[in-house]
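To start, the structure under review is shown below, and the notes come after it.
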Amino acid sequence: MPPNRPTIKDVAKMAAVSVGTASRVINGNSTVKPKTRARVKEAISKLNYQPNPVAQSMRTGATRTIGCILRNLKTPVMADFIKGAEEIISPAGYALMLANNYDSPQAERAVIQTFSKRFVDGLLLTVCDEEDAQILDFLKELNIPVVLLDRQLGTEFDSVIVDHSSGLVQATDYLLGLGHRRIALLAGNPVVHPSRDSIVGFIKAHEAAGLAWDPDLLICSDFWEKTAYEKTCALLALDTPPTAIISGGTMMLPGVLRAIRKVGLAIPKDISLITGYDSELAQLVSPSITAIHKDFSTVGTLGAELLLKRLNRTMTDGPCSILVPSSFVERESCSKPKAS
């Protein structure tokens with residue numbers, strides 16, 4: 001204990017009560033008489049006393065910390081997750097511990113182990129591979145509440161997911177309505193929900209219109225900007241290139257824009273573009289980019305609320321999944337395809 005930090009003994013002495021009575025007041029015990037409670041609270045206020053979280057955790061078995069593992073904290077969407085979660089976690093008296101997994105199963109397991117050793121009370125995370133059986137077993141062994149953010153691991157854990165499919169249906173329908181028949185989708189990696197669900201929406205829109213889709217234009221890879229640049233360059237080098245591109249991942253848009261600029265095409269005169277994440281870049285670039293809007297802050301908020309319900313035991317039934325809708329935002333980056 002730092003030398004000048006007041007202790008519970010100081011509170012008890014100032015309030016003229018026993019240490020046990022001061023402790024009961026601090027812990028919200030209703031058996032303490034109102035006048036005594038008032039004296040203890042006055043002493044706490046005058047001394048600016050803060051309970052020792054280490055001592056509390058030893059007594060209660062709870063550390064009041066929540067682990068949060070995301071793929072890359074630098075990405076705007078991950079910041080949205082954190083903002084939404086922290087607005088719920090902090091007022092409830094919990095601290096959020098943050099870590100990256102960088103789309104690496106090994107890094108992910110190492111971070112989970114670290115959090116486990118620090119006895120976090122619960123976990124919010126975006127797993128990097130939903131098909132990894134080891135991560136499922138790993139999380140089960142923690143024996144703490146776990147909520148997945150925009151990820152699904154069967155029906156084993158609570159999850160809050162985005163309805164990517166409906167957004168892709170709207171985006172694809174829009175392009176088909178403009179006359180596009182060669183639409184490319186940079187879908188990301190289908191081992192996670194956002195990619196799989198986007199592919200479902202893309203195919204569903206084509207099938208509903210009675211139109212075929214070209215497998216060569218459905219690009220499944222990772223979500224990084226460098227890959228988006230390389231894949232877009234390859235698409236634009238095809239003998240029959242796409243007339244429109246849907247950039248599915250949150251980090252892909254800068255790479256797609258660089259590739260389009262490299263080959264000298266103009267948006268939307270030469271090629272139409274829709275982004276799967278409505279970022280500041282999409283809004284500020286000229287022309288502004290038509291987007292699929294997804295409220296990732298709400299995902300973080302709902303995930304945190306769900307986790308607190310599990311911790312407080314106000315929700316004791318089986319795992320549940322909450323679906324957050326997506327919406328279509330029309331801007332200036334799409335037009336009818338050029339006549340061939």
Side-chain angles (χ1 to χ4, degrees), residues 71-72 75-78 103 126-132 149-152 161-176 180-209 211-238 241-260 271-279 281-282 289-294 296 299 323-329 333-334:
R71 53 187 294 261
N72 189 339
T75 63
V77 63
M78 300 304 156
D103 283 340
T126 58
V127 297
C128 56
D129 186 351
E130 296 169 21
E131 298 175 3
D132 181 1
L149 301 177
D150 211 21
R151 299 290 189 270
Q152 289 181 305
I161 58 174
V162 173
D163 186 1
H164 298 274
S165 177
S166 66
L168 257 292
V169 167
Q170 293 177 74
T172 308
D173 280 347
Y174 177 71
L175 292 171
L176 292 173
H180 293 275
R181 295 298 179 265
R182 289 190 59 75
I183 304 170
L185 171 63
L186 299 178
N189 194 332
V191 298
V192 291
H193 165 75
S195 177
R196 287 195 312 274
D197 207 35
S198 296
I199 293 169
V200 168
F202 181 73
I203 295 174
K204 183 178 180 180
H206 279 88
E207 290 179 344
L211 297 169
W213 55 278
D214 186 345
D216 291 339
L217 300 183
L218 177 56
I219 308 301
C220 296
S221 186
D222 60 45
F223 294 94
W224 302 109
E225 176 184 338
K226 179 176 182 291
T227 303
Y229 170 77
E230 293 169 350
K231 298 298 182 182
T232 303
C233 286
L235 284 168
L236 298 178
L238 293 172
T243 59
I245 295 175
I246 302 175
S247 168
T250 58
M251 292 287 288
M252 291 180 173
L253 182 58
V256 174
L257 289 172
R258 284 197 298 117
I260 291 172
I271 190 165
S272 292
L273 176 62
I274 295 177
T275 177
Y277 176 63
D278 191 13
S279 62
L281 174 62
I289 308 298
T290 295
I292 302 168
H293 177 75
K294 302 157 187 174
F296 290 110
V299 174
L323 188 66
V324 177
S326 57
S327 58
F328 184 71
V329 183
S333 61
C334 298

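What's counted below: heavy atoms across the whole structure, side chains too, no hydrogens, waters or symmetry copies.
You'll find the side chain of Leu185 reaches within 4.5 Å of the side chain of Leu168, heavy atoms only. At a threshold of 4.5 Å between non-hydrogen side-chain atoms, the residues Ile199 and Cys220 count as touching. Side-chain contact check for Leu253 versus Leu273: some heavy-atom pair is nearer than 4.5 Å. Between Met252 and Lys231, every side-chain heavy-atom pair lies at or beyond the 4.5 Å cut-off. Considering only heavy atoms from C-beta on, Leu236 comes within 4.5 Å of Ile271 through its side chain. Using a 4.5 Å heavy-atom cutoff, the side chains of Phe296 and Val324 are not in contact. Inter-residue side-chain proximity for Ile274 and Ile289 is flagged as unmet; no heavy-atom pair is nearer than 4.5 Å. Between Leu281 and Pro254 there is a side-chain heavy-atom pair separated by less than 4.5 Å.
With rounding to the nearest 0.5 angstrom, the CG atom of Leu175 is 5.5 Å from the CD1 atom of Ile246. To the nearest 0.5 angstrom, Asp278 atom CG is 8.0 Å from Ser327 atom OG. We find the CD1-OG1 distance between Ile203 and Thr172 to be 10.0 Å, quoted to the nearest 0.5 Å. Of the inter-residue distances, the one linking Trp224 atom CH2 with Met251 atom CE reads 6.0 Å to the nearest 0.5 angstrom. Rounding to the nearest 0.5 Å places CZ of Arg181 at 8.0 Å from NE2 of His206. Atoms NE2 and CG, on His164 and Leu323 in that order, are 9.5 Å from each other to the nearest 0.5 Å.
Listed for the Ser195 side chain is no donor-acceptor partner under 3.5 Å among the backbone atoms of Val192. A donor-acceptor pair under 3.5 Å is formed between the side chain of Glu130 and the backbone N or O of His193. Although no hydrogens or angles enter the test, the distance criterion places a donor-acceptor pair under 3.5 Å between the side chain of Ser326 and the main chain of Gly167. Side-chain atoms of Arg258 do not come within 3.5 Å of backbone N or O of Tyr229 as any donor-acceptor pair. Not a single donor-acceptor pair under 3.5 Å links the side chain of Arg71 to the backbone N or O of Asp103.
Residues Leu218 and Ala187 come closest through the heavy atom pair CD1-CB, 4.1 Å. Considering all non-hydrogen atoms of both residues, Gly188 and Pro190 come closest at O-CD, 3.5 Å. Annotation for Thr290 and Ser333: closest pair N-OG, 2.8 Å, computed over non-hydrogen atoms. Across every non-hydrogen atom of Tyr277 and Val77, the tightest pair is OH-N, 3.5 Å. The heavy-atom pair separating Val162 from Lys294 by the smallest distance is CG1-CG, 3.8 Å. What you find for Ala205 and Leu176 is that their closest heavy atoms are O-CD1, 3.9 Å.
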Could you give me the CA-CA distance, side-chain angles and deciding distance for Val127 and Asp132, then say whether side-chain contact (heavy atoms from CB on, under 4.5 Å) is met? CA-CA 9 Å; Val127 297; Asp132 181 1; over 6 Å; no

CA sep, side-chain torsions, deciding dist, call: Asn72, Thr75, side-chain hydrogen bond (donor to acceptor under 3.5 Å, both in side chains): CA-CA 6 Å; Asn72 189 339; Thr75 63; 5.6 Å; no

For side-chain contact (heavy atoms from CB on, under 4.5 Å), just list the numbers for Ser165 and Phe202, CA-CA rounded to whole Å, side-chain angles, deciding distance to a tenth of an Å, and then say yes or no. CA-CA 7 Å; Ser165 177; Phe202 181 73; over 6 Å; no

side-chain contact (heavy atoms from CB on, under 4.5 Å) for Thr232 and Ile245? Distances and angles first, verdict last. CA-CA 9 Å; Thr232 303; Ile245 295 175; 3.9 Å; yes

Given side-chain contact (heavy atoms from CB on, under 4.5 Å), test Trp213 with Ile183 step by step and report yes or no. CA-CA 8 Å; Trp213 55 278; Ile183 304 170; over 6 Å; no

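Here Asp150 pairs with nothing under the salt bridge (charged side-chain N to carboxylate O under 4.0 Å, His left out) rule; sequence neighbours left out. The salt bridge (charged side-chain N to carboxylate O under 4.0 Å, His left out) search around Arg151 returns none, not counting sequence neighbours.
Contact check on Arg182 versus Asp214 returns a salt bridge, with a Lys/Arg side-chain nitrogen under 4.0 Å from an Asp/Glu carboxylate oxygen.
A side-chain donor-acceptor contact under 3.5 Å links His180 and Thr243. Between Asp222 and Thr227, the side chains place a donor N or O and an acceptor N or O closer than 3.5 Å (distance only, hydrogens not considered).
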